[in-house]
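Shown next, in structure tokens, is the structure this report addresses.
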Protein chains: 2
Amino acid sequence: MTTEPPYLSIATEIRGRIQTGVLAPGDRVPSTRAITREWGVAMATATKVLAALRQEGLVRVEPGVGTVVVDPRQARQATAPALTRARIVRAALELADSEGLNALTMRRLATVLDTSAMALYRHVPGKGELVRLMADEACGEVPLGPVPGHWRPGLERAARWLREVYARHRWMAQAMASFTRPVASPNAMAYTEWVLAVLWETPLTSSQKLHTHLTLFAFVQGLALADDLEEQARLDTGLSDGEWMEQNEPRFDAMQSGHPYPLLDAVTRDGGFELSLESLFEFGLRRTLDGVAAMIDETSG
Amino acid sequence: MTTEPPYLSIATEIRGRIQTGVLAPGDRVPSTRAITREWGVAMATATKVLAALRQEGLVRVEPGVGTVVVDPRQARQATAPALTRARIVRAALELADSEGLNALTMRRLATVLDTSAMALYRHVPGKGELVRLMADEACGEVPLGPVPGHWRPGLERAARWLREVYARHRWMAQAMASFTRPVASPNAMAYTEWVLAVLWETPLTSSQKLHTHLTLFAFVQGLALADDLEEQARLDTGLSDGEWMEQNEPRFDAMQSGHPYPLLDAVTRDGGFELSLESLFEFGLRRTLDGVAAMIDETSG
DNA sequence: ACCTGAACACCGTTCAAGT
DNA sequence: ACCTGAACACCGTTCAAGT
């Protein structure tokens, strides 16, 4: 008789009860608590027992009820889809969207996907590459549409597209790779190609076209980062904007009284205007496009 | 035979050279660069080697010379000054500058300062606040100078100042807090105040002044982030730009052949122009200022 | 072929204990 | 008053072992 780990022999016993019909589909199997009592084992062992049975697809967790026996006829369809790179990237995207890039760890991702952390490494080389795949996926979600006939509405649409990608996935601001070492992302490259197509009708040089593209990119990227840091702070501290301001006002005032900033004071006290990332985007986009227009005029004239 | 971390065995070897007199007091021990060459390890490992030896009191950094062997008779007086917030922030700044924000951990910082990690918490509330203090310190290093008489040279100087702060401390791109939740940094606030002073002579509204300031900020911030990701990639992989490109070219070409990007191809093949973060900065700054000029003309006219 | 568990070398931060 | 060591609850990733 081989000495197998306790959790395995307990699992075998429960498996027997299911196979002999002592426990029918829908019935609750012993809870972890019940297992510790019945077999006199530690909680960790009991948890392992249920995890093993769940992994075999014999039982599943019914929220609010407990762990119940799966109906074998339904088992096939209820079974989790096989682990694939696409499924991993999707889940990672959702996790980062809802909780930020910091919350995306290989271990948490594995739990969400109901596997071990190491199973992920069979489909993805590591976390760095995963984030790169996520960024590419994100860039593929929103269609760019046809290239407009004129450069100005074209650049405007490009900037709005980029802004939307960042707005849907704030963490991308931190992930987007450098300009000079372009991330190997087909979808990001497609964006570059689209912008160049927009600029093709202009008399700009190749250098000017590329610089125009990257200037717009840097501006939107800068805004996105601010947006992301904002969001991150909210997630980390659990405070909304207003609450944060309220909490930090005394400290702020103290700083102000020590170092007075009369102009900033005057400007903000002026009030009566919107200041948001949205208004900033519109304002900056307008200025940048006006600047490009001036350059095109010079070149043509 | 136990397999100890590479940095430890290298440290042991250098320690041996000191103890056997191969390296005498005052002699330079191998620099980080020399260590990477001699043992074929990454920069991070080489830095760890020297940090370990420094911590043992066997070597010390001689500014302008390198890391030299300490004379054991003088070792006592060379004792480190008391731990202060200023000293911690300084050391953190240097660590982040040379190895990136990821390498800045409380534990490593403590080793550099020759104390325990927990001693730091007596002077600084935590890592988040430390980074904020570092950012403020960085903004205080470069003087802004007098406010020029005209807005355009003024904004230009502001942008160059910001660019220089980021260039000296690349990690700041990741650390700089959001626009709407201004970091409580007197020195960053002083910059805002300076830009507003520059714009005071213009006929712009308060809203336009603030938006102009933040647009410029977002652009420089976006560039800085690209710069930082670039640097980070270099530190992480230990590859220079050229080496990286060389190594990834096959993969790149494969991607290109699968998804052809004819316009990007044409533009880059055109060549004969500079494309760097510096050229991008100059280009984008020019466009942005032209856009602001157009707005001012409209307002005046 | 695919997945797992234990292990390694790390984190930031707490807490009780030392000097 | 100031610093330390052990501990906690985490990381990403390796490796050998399991099914």
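Small disclaimer: the values here were computed from a predicted structure and weren't measured.
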Distance-only donor-acceptor hits, side chain of residues 32-45 of chain B, under 3.5 Å, sequence neighbours excluded:
residue, atom, partner, partner atom, Å
B/T36, OG1, B/R33, O, 2.5
B/E38, OE2, B/R17, NH2, 2.9
B/W39, NE1, B/E13, OE1, 3.3

Practice prompt. Starting at OH of B/Y121, measure out to OG of B/S116 and round the result to the nearest 0.5 Å.
Written response: 10.5 Å
Worksheet entry | Euclidean distance for C1', C/dA7 against D/dC11 (whole angstrom) | 14 Å
Using the 3.5 Å cut-off, write out each protein N or O paired with an N or O of nucleotides 9-13 of chain D and the distance between them.
residue, atom, partner, partner atom, Å
D/dC11, OP1, A/T105, OG1, 3.4
D/dG12, OP1, A/M106, N, 3.2
D/dG12, OP2, A/M106, N, 3.0
D/dG12, N7, A/R107, NE, 3.2
D/dG12, N7, A/R107, NH2, 2.6
D/dG12, O6, A/R107, NH2, 2.4
D/dT13, OP2, A/Y121, OH, 2.6
D/dT13, OP2, A/K127, N, 3.0
D/dT13, O5', A/Y121, OH, 3.4
D/dT13, O4, A/R107, NH2, 3.2

Between the protein and nucleotides 17-19 of chain C, list the N/O to N/O atom pairs that are separated by less than 3.5 angstrom.
none

Worksheet item: A/I88 CD1 to C/dC2 P: how many Å, rounded?
Response: 12 Å
Worksheet item: Can you tell me how far P of D/dC3 sits from CZ of B/R85, to the nearest Å?
Response: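 These atoms are roughly 14 Å apart.
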Do [X] side-chain atoms and [Y] backbone N/O form a donor-acceptor pair below 3.5 Å?
X      : Y      : result
B/R132 : B/S185 : no
B/R170 : B/A224 : no
A/D27  : A/A24  : yes
A/Q221 : B/L223 : no

Worksheet entry | Pairs satisfying salt bridge (charged side-chain N to carboxylate O under 4.0 Å, His left out), at least one member in residues 118-128 of chain B, at least two apart | none
Worksheet, complete the sentence: Stem ranges of DNA chain D by first residue number, counting only runs of at least 3 Watson-Crick or G-U pairs under 3.5 Å, come to C:4-8 with D:12-16, C:12-16 with D:4-8
Worksheet item: Applying the side-chain contact (heavy atoms from CB on, under 4.5 Å) test to A/L104, which of A/L93, A/D97, A/L95 qualifies?
Response: A/L95
Discussion item. Among B/L83, B/V112, B/L133, B/T115, exactly one meets side-chain contact (heavy atoms from CB on, under 4.5 Å) together with B/I88. Which residue is that?
Written reply: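 Single side-chain contact (heavy atoms from CB on, under 4.5 Å) partner of B/I88 among B/L83, B/V112, B/L133, B/T115: B/L83.
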Fill in: For A/R107, all residues meeting salt bridge (charged side-chain N to carboxylate O under 4.0 Å, His left out), sequence neighbours excluded
none
